[in-house]
Amino acid sequence: LKRDLLEKTAELRKKSQERVHDLNQIGGLQEENARLKAEVERLTKAGDAMAKAIRWLPQSISDHHLDAWNAAKEGKQS
């Protein structure tokens with residue numbers, strides 16, 4: 001009985017440590033996800049600013065680049 005209890009305790013301790021590890025990993029992934037979202041937002045704003053800046057190009061060129069940028073923001077291929 002004592003041996004069974006010791007084995008169960010060791011098993012529960014191991015599972016508990018695994019769960020703590022999983023939670024730490026999830027927390028790290030959440031931080032990475034937040035960082036990536038902020039980077040996407042920053043790059044999107046920069047892309048929008050660049051799109052406004054190229055309006056001085058000939059219309060045939062700027063239209064092409066603006067269409068490509070708008071498609072990229074929607075996740076489409078240009």
Side-chain angles (χ1 to χ4, degrees):
L1 180 64
K2 185 175 180 180
R3 183 176 183 176
D4 288 342
L5 287 174
L6 290 174
E7 288 176 4
K8 291 289 184 188
T9 301
E11 183 180 321
L12 288 173
R13 184 175 291 124
K14 181 179 178 185
K15 285 183 180 182
S16 176
Q17 290 170 345
E18 289 172 355
R19 297 302 169 258
V20 168
H21 173 75
D22 291 347
L23 290 172
N24 287 336
Q25 190 171 14
I26 289 169
L29 293 174
Q30 289 173 335
E31 289 173 5
E32 178 70 1
N33 191 30
R35 185 190 69 76
L36 291 171
K37 283 182 178 181
E39 185 173 351
V40 166
E41 184 176 338
R42 181 182 60 81
L43 292 171
T44 300
K45 287 180 181 179
D48 288 342
M50 289 176 62
K52 288 179 184 177
I54 66 167
R55 296 192 189 278
W56 58 269
L57 292 172
Q59 188 173 1
S60 62
I61 296 172
S62 65
D63 284 352
H64 168 74
H65 290 292
L66 291 173
D67 290 345
W69 170 242
N70 289 326
K73 286 197 306 184
E74 295 174 7
K76 300 176 183 174
Q77 294 290 325
S78 59

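Each residue takes its place number in the sequence, starting with 1. Fair warning: this is a prediction, and the values are worked out from it, not measured in the lab.
- Rounding to the nearest 0.5 angstrom, the gap separating the CG atom in L6 from the CZ atom in R13 is 9.5 Å.
- Contact detail for W69 and A51: the closest heavy-atom pair is CD1-CB, 3.9 Å.
- Cluster partners of I54, using a side-chain heavy-atom cutoff of under 4.5 Å among ILVMFWY residues and allowing indirect links, are W56, L57, I61, L66.
- Using a cutoff of 4.0 Å between basic side-chain nitrogens and carboxylate oxygens, K45 and E41 are scored as salt-bridged.
- The shortest side-chain heavy-atom distance between D48 and K73 falls under the 4.5 Å cut-off.
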Side chains of residues 15-33: which donor-acceptor partners sit under 3.5 Å, not counting sequence neighbours?
{"from": "N24", "atom 1": "ND2", "to": "V20", "atom 2": "O", "distance (Å)": "3.4"}
{"from": "E32", "atom 1": "OE1", "to": "R35", "atom 2": "NE", "distance (Å)": "3.2"}
{"from": "E32", "atom 1": "OE2", "to": "R35", "atom 2": "NH2", "distance (Å)": "2.8"}

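- The local environment of CD in E7 is crowded, with over 12 non-hydrogen atoms from other residues, nucleotides or ligands closer than 6.0 Å.
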